[in-house]
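Everything below concerns the one structure shown next.
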Amino acid sequence: MHNQEIAWALSEIADLMDIKGENPFKVRAFRQGALIIEAIESPVTKLVARNQLSKIKGIGKGLCAEIEALVHYQESHLLDKLRHEVPPGLLEILNLPGVGIASVRSFYKEGITTIEELEELARARKVRQLPGQGPKTEMAILRGIEMIRRRSGKFPIGIAKPAANSFVNFLQNLSEVNRVEITGDLRRSEEMVQEVSILCTSEEEELLVDLLKKHPSVNKVIEEGTRHLRFRLPFGLPVQIEIVSEEEFIPRWIETTGSKAHWQALQARKNGTATAFENHENKWQQFLSSQEAEEIYYQNFHLPWIPPELREKGEEVGQAVRGALPKLIEERDIRGDLHIHTKWSDGVSTLEEMVAAGRDRGYEYMAITDHSQSLHIARGLTEEKLLEQRKAIQNLNKGQKDFTVLAGVEMDILTDGRLDYPDEFLEKMDLVIASVHTNLRQDRHKIHNRIEKALKNPHVDILAHPTGRLLGSRDPYDVDLDWLLDLAAKTGTILEINASPERLDLSATHARMAKDRGIMIAINTDAHDRNRLADISYGINNARKAGLEKKDVLNCHRLKEVKKILKKPKG
DNA sequence: GCCGTTTTCGGCCCGACTGTTTTCAGTCG
């Protein structure tokens, strides 16, 4: 069982106990435990085997017992019992924005146990009659339900990708399997994924299908054939594994990577070119990597290899013909991370740990940008504290020649549009990131006013997570993207692709619109934990999907250039 | 349920805002 799955189980236990009305501190202990497990680097299974689990702060006797049961038996009696006692629909209701534990309990009291029942009641304008509810919360509930419908069974890439990778690893280690690749919308780096698709080659298809069925993560088989298996993971994500021969692999990989429009555009080109596809002796392909083989396949169409992220509307084929494909940014182009939190505010790693982790990744620089004073829950820093941190950073920089730490801040844009520090203070910072964290449900006029004040401030360099969305769980605040992008272009403000898979904000679509307006993009992780520096890959996915090149991205530039760009007076 | 031990029991992050109220509970970050 993976750390993530254990974390989900603990978090579900917390929610169910919360609905039942158990001791809130006990609930919090489980919730906290889930976060801790999620952030651990090494597999929990290993820690259990070595008896090291109880040494972790926050994991005591009780949690240890539950986690060990999950690792050994893939189940927890406590969770089973709770699932039995509390109707599952209430968890969904709890996840609606604006609905908290108290509301769920009061709905439960009224006999409501599913989203459908709640929706019916809201549509009949009867939710507003319940104690503590009113017309506005009733509307918020309906909007939340609509959001869930839009999501309709899709899973965020941050959940789908690790799940896919673990199956790829599993298959790679089997002697029956030669080649394994992720395909489908996940390979195209779609932010929400319908299903994990994996394509592999093997001569022993039936044996492989049988073996897969016995995998402990296969919760329920949906569909079974001689050459494929579709199943659900315990948390509901569907996975499809298809087995083909070595000869079939590349065309099938391209076909399943999609989209349909891309495949059709390729087929249309096949009819128009004289190349004899069938002449190829495919046997030699097995000595090539999958991508090398795919490149050769594209050559058959007299085309350069087209990155999967761009295989969308079919028009990329025309672009490829004209030699107009962008040279997409790659992870190795990133020279630093410019949005990082540490223990100084709400991070879990120390400043020194973060810097060491950045160096380990081969970065040349990073910016420490802890929270500003008004964000109390995140232990935001006063001016004095920030200056103190700046000194610590200067000392750190003295001891290293090949790596530079910038002293920055992630400053809140306050509810009324004021910024959290005066200009005289902001001027002293190497980098100022501005963010909207509070009052996300303000009307468009107020939100625009806040963003405008921030972007027009000469010291604000970057607007972080520009729409405030949480992927699949919270809609953006009410902002007109065209207006925002025009303003960013006019003021010369850099926009962030927040690489945290919970956010992915800007989205690929919006990042493309930003590029078209000549806006500089920064790809940052917003990491609160050194392990999360690796999230940069999700941001790169989005940037590639947006067609971004090295030159479009601030933190692909050398430090000297970055400093020059930040110093340049804003428009 | 976890932690610390100056505490094996008692405290556990907290302030602001919203929408509900008519003085405050619930939600959020």
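Keep in mind that this is a model prediction, so the values were computed, not measured. Because only heavy atoms are used, hydrogens play no part in the values below, and waters and symmetry mates are left out as well, while side chains stay in. Reminder, nothing fancy here: chain letters follow the sequence lines and each chain counts from 1.
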Using a 6.0 Å cut-off, check whether atom CD of A:Glu120 has over 12 heavy atoms from anything other than its own residue.
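Incorrect, the count does not exceed 12.
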Measure the distance from [atom1] on [X] to [atom2] on [N] and round it to the nearest whole Å.
| X | N | atom1 | atom2 | result |
| --- | --- | --- | --- | --- |
| A:Asn23 | B:dG11 | CG | C1' | 11 Å |
| A:Phe25 | B:dC13 | CZ | P | 7 Å |
| A:Leu94 | B:dT27 | CG | C1' | 11 Å |
| A:Leu470 | B:dC28 | CG | C1' | 11 Å |
| A:Lys26 | B:dC12 | NZ | C1' | 16 Å |
| A:Lys61 | B:dG4 | NZ | C1' | 16 Å |
| A:Phe30 | B:dC2 | CZ | P | 7 Å |

Just to verify, what does [X] make a salt bridge (Lys or Arg N to Asp or Glu O under 4.0 Å) with, not counting sequence neighbours?
| X | result |
| --- | --- |
| A:Lys81 | A:Glu85 |
| A:Lys126 | none |
| A:Glu12 | A:Arg83 |

Pick the [atom1] atom in [N] and in [M], then give their distance to the nearest Å.
| N | M | atom1 | result |
| --- | --- | --- | --- |
| B:dT6 | B:dG1 | C1' | 23 Å |
| B:dC13 | B:dC17 | P | 22 Å |
| B:dG10 | B:dG15 | C1' | 24 Å |
| B:dG26 | B:dG11 | C1' | 23 Å |
| B:dT20 | B:dA16 | P | 22 Å |

Under 3.5 Å, which donor-acceptor pairs link side chains of residues 52-68 of chain A to any protein atom two or more places apart or in another chain?
{"unit_1": "A:Glu66", "atom_1": "OE1", "unit_2": "A:Ser76", "atom_2": "OG", "d": "2.8"}

Specify the residues of residues 43-58 of chain A, ordered by number, for which at least one heavy atom lies under 4.0 angstrom from an atom of DNA chain B.
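Listed by number, they are A:Ile56, A:Lys57, A:Gly58.
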So does A:Glu496 pair up with A:Arg503, basic N to acidic O under 4.0 Å?
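Salt bridge between A:Glu496 and A:Arg503, a charged N being under 4.0 Å from a carboxylate O: no.
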Please identify each residue that fulfils side chain to side chain contact (heavy atoms under 4.5 Å, CB included) with A:Ala9, with sequence neighbours left out.
A:Leu70, A:Leu79
Partners of A:Phe30 by ring-ring contact (aromatic ring centres under 6.0 Å, His included), sequence neighbours excluded?
none
Across all chains, not counting sequence neighbours, the side-chain hydrogen bond (donor to acceptor under 3.5 Å, both in side chains) partners of A:Glu452 are A:Lys456
When you check the phosphate oxygens OP1 and OP2 of B:dC14, does a side-chain N or O of A:Arg379 lie under 4.0 Å from one of them?
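Answer is no, no contact under 4.0 Å.
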For A:Val104 and for A:Ala29, find the nucleotide of DNA chain B with the closest heavy atom, then tell me which residue's nucleotide is more 5'.
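Mapping each residue to its closest nucleotide by heavy atoms, the 5'-most match is A:Ala29.
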Walk along nucleotides 17-26 of chain B from 5' to 3' and tag each nucleotide B, S or - by protein heavy-atom contact under 4.0 Å, base first, then sugar-phosphate.
SSSS-----S
